[in-house]
Amino acid sequence: MKKERSLAGRLSQYGALALIVQLASGCSDSAPPPPPVANSAQAAPGATPVADGKLVVAFGDSLYAGYNLDQGKGLAPMLEKALAARGMQAQVVNAGVSGDTSAAGLARLAFTLDGLARKPDLMLVGLGGNDMLRGLSPETTRDNLDAILAELKKRDIPVLLTGMLASPNMGPDYAAAFNPIFPTLAQKYDATLYPFMLDGVIGDRALQLPDGIHPNDKGVEVIVGKLTPIVAAQLKK
């Protein structure tokens, strides 16, 4: 119960901050995305050559892209470093784009995959947060993510889906439609599910950028610490 109350409190703060972001960016799909970042949508620095190890692609939005973080401090390079510390040779390619909705991700999926040296051994998919912040239809988000996972299944690419939760300010009806998207699709496509991308970070200002939503470098370390054993287990299959 203590853990549940703690999470509820953090989500309440998340909701208040998310509302500020939503009002600042607008609620339409045409709202301008956050500014691009230095390590967005490029291979992680110092990556192991693909031929020498596993290939992992981190395909998502600003939470993947390393929004407002120094080069080498985003999810992809930190995950690659953590895997190396476990003795696992892996190249983690940063295919995160700040501001991407699920529709934008779907639109660039084939281009991203076709531009790789070879088929990935694992694809991390993290989209839908911007859909929620902009108040877009959960049904549309579900359909876009469904199409993304269908394409990855067609290409026989294993998936780790990192989920998102609706902020409380969106209301119970929105949450009831949005929150089940990720577990439902993970089950449909036999994808591994990490239920909440910001688990352990949201509500802790020491782990967040001043916007109160995006992780700082210490927050990324927390996320990577939780994701690394899951990714490593998938790569060993």
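Here, residue 1 is the first one in the sequence, and each next residue gets the next number. All values below come from the heavy atoms of this structure, side chains included, with hydrogens, waters and symmetry mates left out.
- Just one of L79, L63, L69 meets the side-chain contact (heavy atoms from CB on, under 4.5 Å) condition when paired with V220; it is L69.
- Judged by distance alone, the side chain of Y174 and the main-chain N or O of L136 form a donor-acceptor pair under 3.5 Å.
- Taken from CG in L227 to CG in L124, the straight-line distance is 6.5 Å, to the nearest 0.5 Å.
- You'll find the side chain of I213 stays beyond 4.5 Å of the side chain of Q208, heavy atoms only.
- The CE atom of M197 sits 11.0 Å away from the CG atom of D199 when rounded to the nearest 0.5 Å.
- For the atom pair CD of Q91 and CG of L116, the computed distance is 8.5 Å after rounding to the nearest 0.5 Å.
- Contact check for D100 versus Y64: no side-chain heavy atoms found under the 4.5 Å cut-off.
- Scanning both residues, A175 and P180, for their nearest heavy atoms gives O-CD, 3.7 Å.
- Classification of K153 and D190 as a salt-bridged pair fails, no side-chain N sitting under 4.0 Å from a carboxylate O.
- Between P120 and L122 there is no side-chain heavy-atom pair separated by less than 4.5 Å.
- Between the D61 side chain and the G96 main chain, no donor and acceptor come within less than 3.5 Å of each other.
- In terms of heavy atoms, A82 sits closest to T228 at CB-OG1, 3.4 Å.
- Under the 4.0 Å criterion applied to side-chain N and carboxylate O atoms, R155 and D114 are assigned as salt-bridge partners.
- Side-chain contact of Y67 with D211: a donor-acceptor pair under 3.5 Å is absent, judged by distance alone.
- Taking all atoms of both residues into account, the shortest heavy-atom contact from P183 to L193 is CA-CD2, 3.6 Å.
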Output, in order, the C-alpha distance, side-chain angles, deciding distance and verdict of side-chain contact (heavy atoms from CB on, under 4.5 Å) for K226 and V222.
CA-CA 7 Å; K226 293 173 179 288; V222 170; 4.1 Å; yes
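- The shortest distance between side-chain heavy atoms of N68 and H214 does not fall below 4.5 Å.
- For the side-chain contact (heavy atoms from CB on, under 4.5 Å) with L235, the qualifying choice from I230, L55, L83 is L83, the only one to do so.
- Looking at heavy atoms from C-beta onward, F182 lies out of side-chain contact with L165 at the 4.5 angstrom threshold.
- Side-chain atoms of D70 do not come within 3.5 Å of backbone N or O of K73 as any donor-acceptor pair.
- Put simply, CG on L198 and CD1 on I223 are 5.5 Å apart, with the number rounded to the nearest 0.5 Å.
- Taking every heavy atom of both residues into account, V57 and A95 meet most closely at CG1-CB, 3.8 Å.
- Cation-pi geometry between R142 and F178 is not met at under 6.0 angstrom from the ring centre and within 45 degrees of the axis.
- Counting all heavy atoms, side chain and backbone alike, T141 lies closest to G128 at CG2-CA, 4.1 Å.
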How far apart are the C-alpha atoms of Y194 and L161, what are their side-chain angles, what is the distance that settles it, and do they pass the side-chain contact (heavy atoms from CB on, under 4.5 Å) test?
CA-CA 6 Å; Y194 184 73; L161 181 64; over 6 Å; no
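- Judged by distance alone, the side chain of T101 and the main-chain N or O of A104 form a donor-acceptor pair under 3.5 Å.
- Once rounded to the nearest 0.5 Å, the distance linking CE of M132 with CG of N179 reads 8.5 Å.
- Contact check for F196 versus I202: side-chain heavy atoms found under the 4.5 Å cut-off.
- Put simply, CZ on F59 and CG on N94 are 11.5 Å apart, with the number rounded to the nearest 0.5 Å.
- When the options L149, V93, L113, I148 are evaluated for a side-chain contact (heavy atoms from CB on, under 4.5 Å) with M123, the one that passes is L113.
- Test V92, L160, V224, T192 against V231 for side-chain contact (heavy atoms from CB on, under 4.5 Å) and you get one pass: L160.
- D121 places no side-chain N or O within 3.5 Å of a backbone atom of V56 that could act as its donor or acceptor partner.
- A side-chain donor from one of D131 and S102 sits under 3.5 Å from a side-chain acceptor of the other.
- Under the 4.5 Å side-chain criterion, counting only non-hydrogen atoms from C-beta, M78 is in contact with E221.
- Heavy atoms only, all atoms of each residue included: P229 and R86 are closest at CB-NH2, 3.5 Å.
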